[in-house]
Amino acid sequence: MKDTARKHWSKRTRAVHAGSRRSQYGELSEAMFLTQGFVYPTAEDAEARFIKSGEDEYIYARYGNPTVAMFEDRIASLEGAEAGFATASGMAAVNGALTSMLRAGDHVVSSRALFGSCHYVLDEILTRFGVDVTFVDGPDLDAWRAAMRPDTKAVFFESLSNPTLEMIDIRAVAEIAHAVGATVICDNVFATPTFSDAIAQGVDVVVYSTTKHIDGQGRCLGGVILGTEEFIRKTVEPYLKHTGGAMSPFNAWVMLKGLETMDLRVRAQTASAQAIAEALQDAPGVARVIYPGLADHPQHALCQAQMGEGGTVVAVEATDGQAGAFRALNALEIFTISNNLGDAKSIATHPTTTTHQRLTDEQRAEMGITPGLIRLSIGLEDTDDLVADLLDALELA
Ligand SMILES: *Cc1c(COP(=O)(O)O)cnc(C)c1O
């Protein structure tokens, strides 16, 4: 990583400046190098670069690109990681982190409450290639301990699960995993880089879908894998550069600019989410509010210690199950029915029939995804307007 950040800089300063490179034109805003290829002054230079490319020497955008490198270095600096590799989507990052390091015969332990596609990669794809996967109840540390084996190579979890907002005790699970030498991979989307200290807390590899809070305005897909220089350069990069999961330079440019405002956006969205969770607690039509920033969340204390804040997503369970949830969703005026999250626009999702539709009723029940559950991603609109929109709609549930 090219770390242009000073050691004492805080995350907010890193989010604006880390990783920047300037061309000979001295542009203020980061340049978008929308190019697949790079030219070499001589045939000897081309040969030399294919043998070993140095810092800021590029070959082909599937391997790397200056705009993508600025984004990778900026988010690595923010997260306290030695290096990063940016990917075409969050799922390319999840799949890339796991598949690049695993081989047939390896064992993986994962928390059960996962985003639908993460569950698919672990449950359907890895197993097809001879990797054995054990799912455990994420908050149950004894279950993690019991699942570890001498051949356990990786541990995977969403630090705050989608959509039921179960928190994983990062320090505790990392300690359990490291005792058998397993690599700890954390999908940190819901924590966001703003509230993450995952590497300092013991995680080896952090993955983000940058589609969410990092873009923050619903434009581009993207993902990133963050880890040690050794893991990124020797394990992740060879796999991704040959299998074609690289991030587009255009998307990297959007993500770079997104990082500059992410902290402000995420803090404002989180303050709204906390107020909304509190306002919905005893509201008509609401059976239950799940938000780690509420004192009644089973892992509220862990949330305070690990993230400091509850994040930008609130889950509510409507009374009268799916019918009630649908009545409420259809009555919303500001919240749009969609499945993105972390967006400036507030979004409501019905996981049972959309993001987690592929699972069986039994699997959903195990993850706590009930038919009445609505996932609310809180955006940047006025908090009072959002509360009024939700109260009016949920009353119909
Ligand atoms: C959205 C999401 C992903 C996948 O990201 P894409 O950019 O949509 O591929 C993975 N994990 C979690 C927790 C997510 O919310």
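For the single chain, residues carry numbers from 1 onward in sequence order. For ligands, and for the atoms within them, numbers begin at 1 and follow the listed sequence. Because only heavy atoms are used, hydrogens play no part in the values below, and waters and symmetry mates are left out as well, while side chains stay in.
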S111 side chain vs D137 backbone, donor-acceptor pair below 3.5 Å: no

Sub-4.0 Å heavy-atom environment of ligand 1, residues by chain: S89, G90, M91, F115, C118, E158, N162, D187, V189, F190, S209, T211, K212, G222

Mutual orientation of the aromatic rings belonging to Y40 and F50 [parallel < 30°, tilted 30-60°, perpendicular > 60°]: perpendicular

Ring centroid separation H297 to Y291 under 6.0 Å: no

Check: F135 ring centroid to H119 ring centroid under 6.0 Å: yes

F115 six-ring centre to K212 NZ/CZ under 6.0 Å and within 45° of normal: yes

T355 side chain reached by T349 side chain, heavy atoms, under 4.5 Å: yes

